[in-house]
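Data block below; observations after.
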Amino acid sequence: MLARRILLRLLQSIPTLAGVAVLTFVLVRVVPGDPVAMMIPPGADDAAVARLYAMYGLDKTISQQFLIWAGQALGGNFGISITTRQAVTGLIFSRLPATLELVTVAAFVAVALGVAMAVIGTRFAGRAGEVVVDGITGFFLAVPDFLWGLAFIVVFGVLLPLLPISGRADPTQASGLSTEFTLIESFVRFRWGITTDVLAHMAMPAVALALPLAAMIARVLKSSLAEQMGQDYALLSRVKGFSRWHVILAEALRNAAIPTVSLTGVQVTFLVGGTVLIEKIFSYPGIGSLAIDAVINRDLPLIQGLILTFAVIFILINLALDLSYAALDPRLRHG
Amino acid sequence: MSDDVLAIENLSAAIRNGPTLLHEISLRLAAGEVHGLVGTSGAGKSMIGRCVLGILPAPVRVTAGGIRFLGKQLVGLSERDRRAAGASLALIPQDPLSALNPSRRIVSQMTDVMRLRLHLSHAEAYARALAMLDEVHIRGPQDVLRRYPHELSGGMRQRVLIATAFACEPRLIVADEPTTALDVTVQKQILRLIRELQRKHGTSVLFVTHDLGVVAKICNSVTVLNAGRIVEQAPVADIFLRPQDAYTQALFAATPRYDRPGDTLRPLPADFA
């Protein structure tokens with residue numbers, strides 16, 4: 001049952017990916033800007049320019065280019081990056097783990113903080129505690145993630161130099177690992193010195209990404225918690241003699257979770273998008289900063305590969321989301 | 001009388017910075033007595049129940065008066081003391097669907113209160129839940145305990161809630177329109193069931209309803225409310241035979257009668273509605 005549902009969803013995502021591929025392919029080629037112009041020195045002769053165009057296939061029509069690219073892509077070859085001359089696939093896979101780890105940590109921080117604020121706000125509904133929570137979430141929502149990033153650099157990197165402001169790990173420490181999942185690998189291999197170092201590097205970008213999301217989670221969860229707390233079962237639970245904390249955490253939270261879970265899923269995809277700026281600010285070596293460089297250099301094959309990677313991540317997040325509803329609500333399990 | 005289970009004395013409640021919802025309500029409930037609270041929507045009958053249970057909506061406050069339950073003053077207690085004092089209180093709610101948590105099995109919703117109030121072990125609470133379901137005439141109780149609320153019928157859910165309400169041997173049950181959300185045939189069964197268990201356990205019941213027929217069947221005495229004020233308070237026979245107040249008379253006149261052919265429906269006069 002479950003396997004069939006997953007398979008069906010994955011099949012449904014094929015046309016989506018094809019659409020994304022066509023759209024980005026055309027878009028990056030029709031907007032002004034020229035990868036060859038970025039490479040050649042001023043005053044290069046026309047013959048050399050023409051040779052470069054031919055070398056990257058840019059002298060062909062867009063549809064011809066697309067067919068060549070699609071044929072190779074189906075075989076797993078997404079071309080060679082124009083700027084770095086490395087295979088796009090290899091380049092993305094070497095940088096993807098850093099972004100996945102950053103997004104995962106940011107999502108955890110956002111969920112933990114958001115749920116905590118929602119629960120506290122609900123517990124003190126109609127009192128000063130709720131006003132404080134609403135004020136904090138409003139402030140977190142109003143300031144965008146990159147501004148948080150810059151503010152953190154000033155405060156915790158410069159004024160109180162507690163945390164590293166750039167990179168992913170101290171290069172003298174992070175060696176001897178065999179994958180790019182530095183955080184996970186160092187943790188399971190008991191090299192916790194590296195784990196703490198990686199977490200210290202992640203702290204500021206992850207929290208900067210997390211704060212606006214945490215505020216959004218807190219808002220949505222708090223309003224559905226308020227609705228659940230007005231349900232008769234919550235009142236009955238209080239009549240039974242359970243404390244408000246118990247009623248919120250053990251009764252209402254699970255039922256209030258579904259709208260929040262769907263919001264969180266959608267917002268985590270934005271989080272992945274948010275890494276583009278945040279990674280650049282913190283010189284964090286993930287696919288976000290790679291994407292900015294690719295766009296600046298008009299590195300067409302790399303842009304194409306990165307956007308497809310983002311699309312696959314979005315599709316997988318949404319799939320995980322759909323599956324989580326049934327786990328949360330027994331009424332959705334059959335039929 | 002100090003042997004009253006419940007004594008509400010001059011109770012007033014109001015929305016903060018807003019209108020007064022209850023005006024100097026007084027009523028007494030002896031052990032084993034069923035007392036009806038009747039009135040139209042907004043008359044304050046459910047609000048009295050919620051005052052007694054200590055689950056007032058956030059902006060509503062008790063502004064004066066007191067509630068003595070088993071000789072203990074409930075008004076002014078801290079939330080913690082209030083929970084402790086409520087050990088012999090229970091609620092049969094109006095809507096049996098929303099009163100059961102959709103994501104928890106029946107068994108955990110029945111046993112949690114027994115484990116909290118009676119300090120029973122898992123196994124003891126399970127055995128007691130089975131016994132209580134038997135008391136409310138549910139067949140196949142093991143199967144029912146395994147189910148989620150949405151897998152039971154409305155009448156079944158209300159039986160589960162009644163079983164839960166009686167499980168900890170409460171001295172007072174607030175029944176908040178317990179039959180309103182049910183269809184008519186089930187209403188009768190549920191009413192009979194509450195009556196049966198109430199007699200068997202000697203429990204006092206504060207029965208909130210807008211249905212005078214229900215009052216006649218189940219209550220010993222009645223308080224008629226209008227706009228948060230008591231308009232009449234009497235044993236049930238007196239109310240039905242000799243309604244004193246004009247509002248009570250209007251309520252009776254508005255009840256359709258099948259024994260008067262050609263009778264039309266009469267709305268409450270405008271100054272009461």
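The model shown is predicted, which means the values in this text are computed figures rather than measured ones. Letters A, B, ... mirror the listed sequences (proteins, then strands); counts begin at 1.
- In this structure, chain A has a heavy atom under 4.5 Å from the side chain of B/Arg50, while its backbone stays farther away.
- The number of heavy atoms from other shown groups lying within 6.0 Å of OH (B/Tyr148) is above 12.
- The choice from B/Ala99, B/Pro93, B/Pro96 that makes the most heavy-atom pairs within less than 4.5 Å of chain A is B/Ala99.
- Taken to the nearest 0.5 Å, the CG atom of A/Leu236 stands 10.5 Å off from the CG atom of B/Asn101.
- For a residue to count as touching a neighbouring chain, one of its non-hydrogen atoms must lie under 4.5 Å from one of that chain's; by this rule B/Leu161 touches chain A with the side chain only.
- Within 6.0 Å of CZ on A/Phe124 lie more than 12 heavy atoms contributed by other residues, nucleotides or ligands.
- Counting heavy atoms of neighbouring residues, nucleotides and ligands inside a 6.0 Å radius, atom CZ of B/Arg61 exceeds 12 of them.
- Interface with chain A: from residues 104-122 of chain B, residues B/Arg104, B/Gln109, B/Asp112, B/Val113, B/Leu116, B/Arg117 qualify, criterion being any non-hydrogen pair under 4.5 Å.
- How far OG of A/Ser237 is from CG of B/Leu100: 11.5 Å, rounded to the nearest 0.5 Å.
- Put simply, CG on B/Asp176 and CG on A/Asp232 are 8.0 Å apart, with the number rounded to the nearest 0.5 Å.
- Heavy-atom neighbours of chain B within the stretch residues 239-266 of chain A, taken at a separation under 4.5 angstrom, comprise A/Val239, A/Lys240, A/Gly241, A/Phe242, A/Ser243, A/Arg244, A/Ala250, A/Glu251, A/Arg254, A/Asn255.
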